[in-house]
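Below is one structure; the comments refer to it alone.
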Number of protein chains: 2
Amino acid sequence: MVMPNTRKIPPSPADDRFIYLLFTAQQKLRNHLNTALTASGVKVTVAQSGILFLLKQKDGRTMTELSTILEVDNSTLTGLADRLERAGFIRRDANPGDRRSSNIYLQPAGLAEADKAKAVIRRVNQEVKAGFQQPDLDMFRRVLQSISMKFGRNGQLKTTNTEESP
Amino acid sequence: MVMPNTRKIPPSPADDRFIYLLFTAQQKLRNHLNTALTASGVKVTVAQSGILFLLKQKDGRTMTELSTILEVDNSTLTGLADRLERAGFIRRDANPGDRRSSNIYLQPAGLAEADKAKAVIRRVNQEVKAGFQQPDLDMFRRVLQSISMKFGRNGQLKTTNTEESP
DNA sequence: TGACCATATTTGGCACGCCAAGCAATTGTT
DNA sequence: AACAATTGCTTGGCGTGCCAAATATGGTCA
């Protein structure tokens, strides 16, 4: 059945615009996150932190490796890496085996920054989950993952856990 | 309990990083949406379509009115309106009562464009919902709305239905 | 009226996405 | 070995967000 019960329309017609809802939630979450990060003295942004986490997990990755995992365009990664390098958080090193590519290495300051960012992000992730039961969150995850699968480039689910969990 | 069961780790450790999941889903959805729009000959982007929908619902709104409803910065709206106006989809008209503000009017081409965009967005919204039961989607919505409420500027839920539904 | 504060919008600067194009280096083909 | 195709990365251009500052107008109050 496609049509809702026509006998009685509920007081709040239940917003069916999931695209809008998703976009709005993401935008507010991103703003809150970046605000929380700067408030905690973290200089790096959410987007940049992803690179740091991946390098902490395995140092010396290449640009392509990072952009593939993060599923962003190569050129996007160039910009992110530029800023991280300018801030002294990472270092681009020539790859002796293949002079086209470069290996990215986490600098001490970058490692410290990653940990600071991780703490904030973990906290916000808890805030997101607050007020819901595990089954609810599981369903939420399932829908998000289905969106990623349906509309993703490769149609595949990417489970590249950056670290332990949040 | 904070630690998971240590006796047996399940095959798939259930990704708990909702921030990452939400960001990824949103990004893929946005890309798919804009691809689908251009594929259908729609010249306007998702972001721009929001303005058209609001004007179709009630023409002559001001910039501030639009940016408040869409919950984007005023300056963001300036850019969006610039492009829509340059494309001939809207018109900025001086407000006789208050010369600081301007009323935005949908042009015939803009109305046509809004309808074309609406069809595509509605279709993608159906794709998002595909494979889920209504209770699942309701839970999905609830979590998204709770994120918007938790992290929104005003902490309030905005239910400005742009039209009938998707 | 004139100093002041508030409001509406724009501008400029930055972050990050995308795409298309470019460049250098590597690999494959013949 | 020589040419073509591929790969790794950067550049340039654009859209969309943000914030802070500038502009212009409007309203208040002494």
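Not measured: the values here are computed from a predicted model. All values below were derived from every heavy atom in this structure, side-chain atoms included, with hydrogens, water molecules and symmetry-related copies excluded. Throughout, protein chains are lettered first and strands after them, A, B, ... in sequence-line order, and every chain is numbered starting at 1.
For the pair T64(B) and dT9(C), the criterion of a side-chain N or O lying under 4.0 Å from OP1 or OP2 is met. Here T76(B) reaches the OP1 or OP2 of dC18(D): one of its side-chain N or O atoms lies under 4.0 Å away. For S101(B), no side-chain nitrogen or oxygen approaches OP1 or OP2 of dA8(C) to under 4.0 Å. Contact annotation: Q27(B) side-chain N/O to dC18(C) OP1/OP2 distance is under 4.0 Å.
If you measure from atom CG of N34(B) to atom P of dC14(D), you get 17 Å, rounded to the nearest angstrom. dT10(D) atom P lies 13 Å from atom CG of N95(A), rounded to whole Å. Atom pair D93(B):CG and dA8(C):P shows a separation of 18 Å (rounding to whole Å applied). With rounding to whole Å, E71(B) atom CD is found 10 Å from dC18(D) atom P. Separating the CZ atom of F23(A) from the P atom of dG17(D) is a distance of 9 Å, rounded to the nearest angstrom. Regarding Q48(A), its CD atom lies at a distance of 8 Å from the C1' atom of dA15(C), rounded to whole Å. Atom CG of D73(A) and atom C1' of dG12(D) are 13 Å apart (whole Å). If you take CZ of F151(A) and P of dC18(C), they are 17 Å apart, rounded to a whole angstrom.
Nearest heavy-atom pair, S146(B) versus F132(A), reported as atom, atom and distance to 0.1 Å: OG-CE1, 3.2 Å.
Nucleic acid contact class of L80(B) (heavy atoms, under 4.0 Å, all strands): sugar-phosphate only.
For the pair K129(A) and F18(B), the cation-pi test (distance below 6.0 Å, angle within 45°) is failed.
Under the side-chain contact (heavy atoms from CB on, under 4.5 Å) criterion, N34(A) pairs with R30(A), L37(A), T45(A), V46(A), sequence neighbours left out.
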Taking only nitrogen or oxygen atoms into account, show me every contact under 3.5 Å that the protein makes with nucleotides 25-27 of chain C, one pair per line with its distance.
from    : atom 1 : to     : atom 2 : distance (Å)
dT26(C) : OP1    : R99(A) : N      : 3.3

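Nearest-nucleotide mapping onto DNA chain D: of G79(A) and R30(A), the residue sitting toward the 5' end is G79(A).
Within the 4.5 Å cutoff, side-chain heavy atoms of R123(B) are placed close to those of S40(B). Two residues are said to be in side-chain contact when any heavy atoms from C-beta on lie closer than 4.5 Å; E65(A) and T68(A) fail this criterion.
Taking 3.5 Å as the limit, the base of dC19(D) and the side chain of S75(B) contain a donor-acceptor pair of atoms between them.
Between E127(A) and K150(B) there is no salt bridge, since no side-chain N of the basic residue sits under 4.0 Å from a carboxylate O of the acidic one.
Of the possible polar contacts, none joining the Q48(A) side chain to the L84(A) backbone as a donor-acceptor pair under 3.5 Å is found.
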